[in-house]
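In the text below, chain A, chain B and the rest are named by the order of the sequence lines, each starting its count at 1.
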2 protein chains.
Amino acid sequence: MGRWQPGAQGRLQQAAMELIVERGYDGVTVAEIAERAGLTERTFFRHFADKREVLFAGQEQFAAGVVEALTAAPPQLTPLEAVVAGLAAAGTWLNDERRAGSRVRQGVIDAHPELQERELIKLARVAAAMATSLQERGVGHAEAVLAAEAGMAAFRLAFTRWVDDPGEHDLPWHLDAAVEGLRAVVA
Amino acid sequence: MGRWQPGAQGRLQQAAMELIVERGYDGVTVAEIAERAGLTERTFFRHFADKREVLFAGQEQFAAGVVEALTAAPPQLTPLEAVVAGLAAAGTWLNDERRAGSRVRQGVIDAHPELQERELIKLARVAAAMATSLQERGVGHAEAVLAAEAGMAAFRLAFTRWVDDPGEHDLPWHLDAAVEGLRAVVA
DNA sequence: CACCTTCATGTCAGTCGCTGACATCCCTAG
DNA sequence: CTAGGGATGTCAGCGACTGACATGAAGGTG
């Protein structure tokens with residue numbers, strides 16, 4: 001390496017998190033983030049499609065992992081069971097070491113509607129991908145969509161609980177609890 | 001009236017829809033919308049918080065109507081039944097006369113991710129309001145959240161079907177069908 | 001070693017969304 | 001008739017984002 005320090009994208013993410021925690025999302029400009037990372041504003045937008053996206057990098061891996069686990073799930077599982085199996089795979093990534101970081105990040109997102117919008121569409125895209133995968137195993141369209149979205153609702157509840165709770169249980173445990181609650185409510 | 005033509009907000013909405021259908025959301029500037037409505041860009045932003053919002057006016061009434069119907073639902077209903085009762089009230093507003101308009105509007109939204117984001121957060125807020133209302137009638141937090149979000153998933157599927165289908169059935173009919181599908185999938 | 005290609009980055013100018021501050025002018029209350 | 005309020009216009013400015021072009025380092029080829 002010579003002209004460029006490696007890891008530009010990671011530096012931008014770290015700089016963004018630091019500055020946003022200090023001053024809030026609206027109190028930070030893209031130029032400032034880039035400057036702290038030793039780059040220019042223009043380069044920021046070569047790594048991230050927009051300002052919000054700097055907080056959501058890595059989400060593609062999450063989505064891919066979930067869909068992969070869902071696709072690999074045994075065919076005899078019910079649609080909802082398969083969805084839960086897929087989402088449970090996220091527990092591998094969201095392990096106890098990442099809990100504190102997840103809490104900080106979620107606090108930032110919860111404080112800014114623009115970031116909530118981005119989060120919602122990301123999760124909706126994961127749900128849509130799960131629904132497509134379910135259809136490929138023969139599940140009807142309506143059932144696939146409903147299983148994917150209901151499972152995603154359970155996952156969101158489970159994630160909230162996992163982030164906030166003192167940490168006795170891991171994410172898959174909370175997910176199972178949420179799915180149990182879902183069955184109770186829908187039955 | 002004298003200096004101002006009445007119905008500025010409505011004129012802005014109509015101008016926006018016309019222009020967006022012609023050139024697409026990204027091909028239209030706020031200044032152009034305002035100009036077609038006989039107003040200035042600054043006035044546009046006095047009526048709508050941002051450019052996207054011009055396509056979502058009236059949503060507050062929708063949300064208020066749903067929550068009101070949910071609150072008024074008989075106490076002996078299960079949480080999910082109460083949510084469905086609330087959402088079914090939207091069928092009064094989304095009647096057959098509005099089906100064509102809803103299809104056009106939904107086509108615009110489906111073509112632009114920024115608009116999908118806004119739609120998702122609006123629906124999520126309705127779901128959150130429904131969950132709060134459920135908690136006020138004694139439902140636990142987890143059950144309230146899950147019933148509200150599962151019901152909202154059914155509503156979204158029902159709305160899609162209602163908008164696209166040749167129109168033999170009304171929205172409440174599609175909603176019942178979706179809820180039945182939900183029960184089948186979760187059970 | 002000299003040369004060339006590639007590619008991440010820098011530079012610059014410009015558009016557009018959005019906001020604060022202040023002025024304008026009609027309508028209505030008194 | 002006058003005073004005040006409310007909707008609008010005007011203007012200046014910031015920040016997000018983009019296209020076009022220039023730069024310089026890394027790596028391969030002769």
Starting from P on D/dT18, measure out to CD on A/E53 and report it in whole angstrom. 12 Å
Taking the nucleotide of DNA chain D with the closest heavy atom to each, which residue, A/R42 or A/A31, is nearer the 5' end? A/A31
Are any of the side-chain nitrogens in A/E117 or A/R52 under 4.0 Å away from the carboxylate oxygens of its partner? yes
For A/A8, report the nucleic acid contact type (base, sugar-phosphate, nothing); a contact means any heavy atom under 4.0 Å. sugar-phosphate
Could you state the CD-P distance from B/E35 to C/dG17, rounded to the nearest angstrom? 14 Å
C/dG17 base / B/R52 side chain donor-acceptor hit below 3.5 Å: no
Evaluate A/H112 against A/R118 for side chain to side chain donor-acceptor pair (under 3.5 Å), listing each step before the verdict. CA-CA 10 Å; A/H112 299 279; A/R118 183 56 49 88; over 6 Å; no
Donor/acceptor link under 3.5 angstrom from B/R46 side chain onto base of D/dG6: no
Mind calculating the distance between CD1 (B/I33) and C1' (C/dC18) to the nearest angstrom? 14 Å
Can any side-chain N or O of A/R137 pair as donor or acceptor with the backbone N or O of A/P79 at less than 3.5 Å? no
What integer distance in Å separates B/K51:NZ from D/dC17:P? 14 Å
Check the distance between C/dA8's C1' and A/E41's CD and give it to me in whole angstrom. 17 Å
In terms of side-chain geometry, is the basic nitrogen of B/E53 or B/K122 positioned less than 4.0 Å from the acidic oxygen of its partner? yes
Specify the separation, in whole Å, of atom NE2 of B/H47 and atom P of C/dG17. 18 Å
OP1 or OP2 of C/dG10 versus the side-chain N and O atoms of A/T40: is any pair under 4.0 Å? yes
Between the side chains of A/E114 and A/K51, is the shortest nitrogen-to-carboxylate-oxygen separation below 4.0 Å, so that they form an ion pair? no
Atom CG of A/L19 to atom C1' of D/dG15: distance rounded to whole Å? 16 Å
From the options C/dA21, C/dC16, D/dT18, select the nucleotide whose nearest atom is closest to the side chain of B/T29. C/dC16
Please tell me which of the listed nucleotides, C/dG17, D/dG9, C/dT9, lies nearest to the side chain of B/F45? C/dG17
Output the rounded distance in Å from CD (A/E32) to C1' (D/dA16). 13 Å
